[in-house]
Amino acid sequence: MTAPNNLQRSSRQKLPLFAYAFVAPTIAVMLAIVAVPLAYSAYLSLNRTNPITKKWVFVGVDNYLNVLTNYEAWMAFGRTAYFTCLAVICTTILGIIMALVLNQRFLGRGIMRSIVLVPWAMAPVSVGVLWSFVYAGDYGALNGLLNDAGLSSWARPWLGDGFRALNLLALTHVWNQAPLTALIILSGLQSMPSNLHRAAMLDGAGAVQRFFSITIPWLKQSLLFVSILATINALMAFDIIWNLTRGGPGAATTVLAWLGYLYSFQFLRFGEGAAVLYILTFVSFALAVVYFFAFRPRERKDTGSDVLTSADLKAERIHSMIALPPYRPRTMIPRQISEILGRTLFWILVGLIFVWSALPVLVLISMSLSPAADLIRVPPTLVPSALTLDNFRAVLFPESAAGLETSVQAKRVPSALLNSLIVGASASALTVVLATLAGYVFARYEKVRFLRITLWSLMFTRMTPALALVLPLFILFRTLSLIDTRTGLIISHLTILLPLGTWMMRGYFESVPISLDRAALVDGCSPFEMMRRVLLPVVKPGLVATAIFCFLVSWNEFLFALIVTSTPKSQTVTVVLSGFLSQARFYEYGSLFAVSVLSIVPPIIVAFVFQRFLIQGALSGSIKG
């Protein structure tokens, strides 16, 4: 819902003082923790540094030219383009199919929606751990499944071939990201008036014709949001690569994001690493612009009014539906048989979606309950010889786990879980407070040029690789003695959470009538009282949804936690889990899977408890406007 015209006209004239007070904290925080580090990173990309002598030499655009003329970089660019195209196409198609199925009424729909959300709610680190053992050659779960099915001749080292590894990496990314696409598309489907399809059905339009003529046009804005988000997530993919392939075998899965990490943190060529990451940012921004113009609404030249209301748009769409040519089926199938075939196909899709979403997670749980010897059996099998809780005892109660071998890494798990909870809750609470104030101003005074530029600048940070912020933030935190502290980690998480939270709360406030603001002010409320007593109760679903999303993002975050923490006093569960992959010996595989299960417990609880709330509220608010 858009604000009335008189509010838009007044907002062009003057921004009230309280609006500056509401939005100033968010702007100040983002300038301090994003704008300054980005500026530093940009300056770094124009210099060549010597990590030994610590001397800087200004080279202008030479770092960019070196990257653009480097064969290795062009190969990485080609892999990035292939990976991104494959991931975006598969994510979008699969997400639409999931959304269409979950939009239907059927027994167990609520449970299915929760199950579908679980892969997305899992941390990419947990996803990497899970699928690294699914694809493992000697004792992997996939080879175990083939062996149990009598197809052992099909077993192979799945990540041993470079091109196959790149495709499997993309498949894993799709498994992790498709539920988010389904969530966004589903929120769009639930906002679509049913009379659009009824009007077309009266004219004889079939399901396929209605899908392409009604559903797809209605979802245009959702598809724009999905395309941009899926592309950015694919371009910036790092966590899964770190835990699944490390850019290998050879350089077969080295994409630009991973190449930027190698230059910056392994080769210590900070200038060229920053240049790679900024090239990735430019590509991301350019694709976002292309998507925007491809999906932008077409302007009406024949309208007599400058403002086209939502009712006008619906009437126009209904009119266009009535004008559809009649649908003429090619074959005459009895109605009863057609309905049976349709329901059968529908339940097959439900079953396939369940297997796709739940089976890998069930395999992970099974491995966490299996004895260590079962996890390295050759030939492999998915059927455990016994079930045991010893793996969980070893990581939750390492000091009292008598007779169990535990490592230093396993002993870090309890404190890591506590750190993740504290950091996630603190960062989410701080984000909700700042984003609520800023989101209100951005919604009510969106025509003010300063605020419009500021809002899009916030969203531009979403297109910037987190790697571009890590190095300058590390230097800044080291100066302020924030390295290896929860405070430093909370601050770093705000770089991700604050733009997300602000955008979501802006969408919620846009759906609140401006008359509530006016009524509260007429009754003598101050702006803060109006917010606290009138608006916050109305947008309470948005507050909860924003808090949930922010907590999930913070809980699952890996890169900042990896770089700015180093000891158990501040390390989160994602870092400890990743450490298992590098240090685990054969008897620790059970502990590794137990930690993986523990790391996904909060996301799974959120997915099952809040799935209806998230679908109906959070994302439908975040994509408005």
Side-chain angles (χ1 to χ4, degrees), residues 1 88-106 109 112-113 116-117 174 177-231 291-298 300 308-330 338-339 341-343 345-350 352-353 507 612 614-625:
M1 178 175 178
V88 171
I89 292 172
C90 293
T91 297
T92 304
I93 293 175
L94 185 59
I96 291 176
I97 294 174
M98 287 179 172
L100 290 173
V101 171
L102 296 176
N103 193 46
Q104 304 300 313
R105 294 184 179 276
F106 62 92
R109 181 175 67 167
M112 271 299 299
R113 286 178 173 180
V116 165
L117 290 178
V174 170
Q177 293 295 318
L180 177 60
T181 297
L183 194 60
I184 299 172
I185 298 298
L186 183 58
S187 68
L189 289 174
Q190 293 191 335
S191 68
M192 181 170 58
S194 59
N195 58 359
L196 296 182
H197 280 273
R198 286 200 296 266
M201 291 173 66
L202 291 175
D203 273 359
V208 175
Q209 190 175 13
R210 285 185 280 115
F211 174 75
F212 287 103
S213 299
I214 302 176
T215 304
I216 292 298
W218 179 268
L219 295 175
K220 206 169 187 180
Q221 290 301 310
S222 297
L223 290 173
L224 170 63
F225 188 78
V226 161
S227 300
I228 294 176
L229 195 61
T231 301
Y291 285 139
F292 176 78
F293 282 102
F295 287 97
R296 76 186 191 279
R298 296 179 180 177
R300 297 271 303 175
L308 196 61
T309 66
S310 58
D312 294 332
L313 290 173
K314 290 180 181 179
E316 182 178 333
R317 289 192 180 98
I318 294 173
H319 178 75
S320 65
M321 295 308 107
I322 295 175
L324 283 172
Y327 173 73
R328 304 182 187 280
R330 296 181 180 179
S338 177
E339 290 179 353
L341 291 176
R343 296 302 299 175
L345 176 60
F346 174 80
W347 282 108
I348 289 175
L349 287 175
V350 171
L352 291 175
I353 292 173
R612 180 182 300 178
L614 293 176
I615 293 170
Q616 295 180 349
L619 285 175
S620 65
S622 68
I623 61 176
K624 289 191 177 186

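Residue numbers start at 1 and run along the sequence shown.
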Query raised in the report: How about Q190 and L186: do any of their side-chain heavy atoms sit closer than 4.5 Å?
Result: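 Side-chain contact under 4.5 Å: yes.
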**Report entry** Close side-chain approach of I96 to L223, heavy-atom, < 4.5 Å
**Finding:**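 The answer is yes, as the side chains (C-beta and beyond) meet within the 4.5 Å cut-off.
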Report task. Please report the C-alpha distance between I184 and L180 in whole Å, then the side-chain angles of each, then the deciding distance to 0.1 Å, and finally whether the side-chain contact (heavy atoms from CB on, under 4.5 Å) criterion is met. Result -> CA-CA 6 Å; I184 299 172; L180 177 60; 4.3 Å; yes
Provide the closest heavy-atom pair for [X] versus [Y] in the form atom of the first, atom of the second, distance.
X	Y	answer
P217	F212	CD-O, 3.4 Å
A182	A99	O-CB, 3.6 Å
S222	I185	CB-CD1, 4.2 Å

So, taking the atom named [atom1] in [X] and the one named [atom2] in [Y], what distance separates them when rounded to the nearest 0.5 Å?
X	Y	atom1	atom2	value
L94	Q177	CG	CD	12.0 Å
R343	Q104	CZ	CD	8.0 Å
M98	N103	CE	CG	15.0 Å
T215	L189	OG1	CG	6.5 Å

**Report entry** Sole candidate of V101, L102, I348 that passes side chain to side chain contact (heavy atoms under 4.5 Å, CB included) when paired with I353
**Finding:**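 So the option named by the test is V101.
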**Report entry** Axial cation check for F106 ring with R109, 6.0 Å and 45° limits
**Finding:**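 No, a cation-pi geometry is absent between R109 and F106.
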Query - Results of side-chain hydrogen bond (donor to acceptor under 3.5 Å, both in side chains) for T92 - residues two or more places apart only - result: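 Expected list: none.
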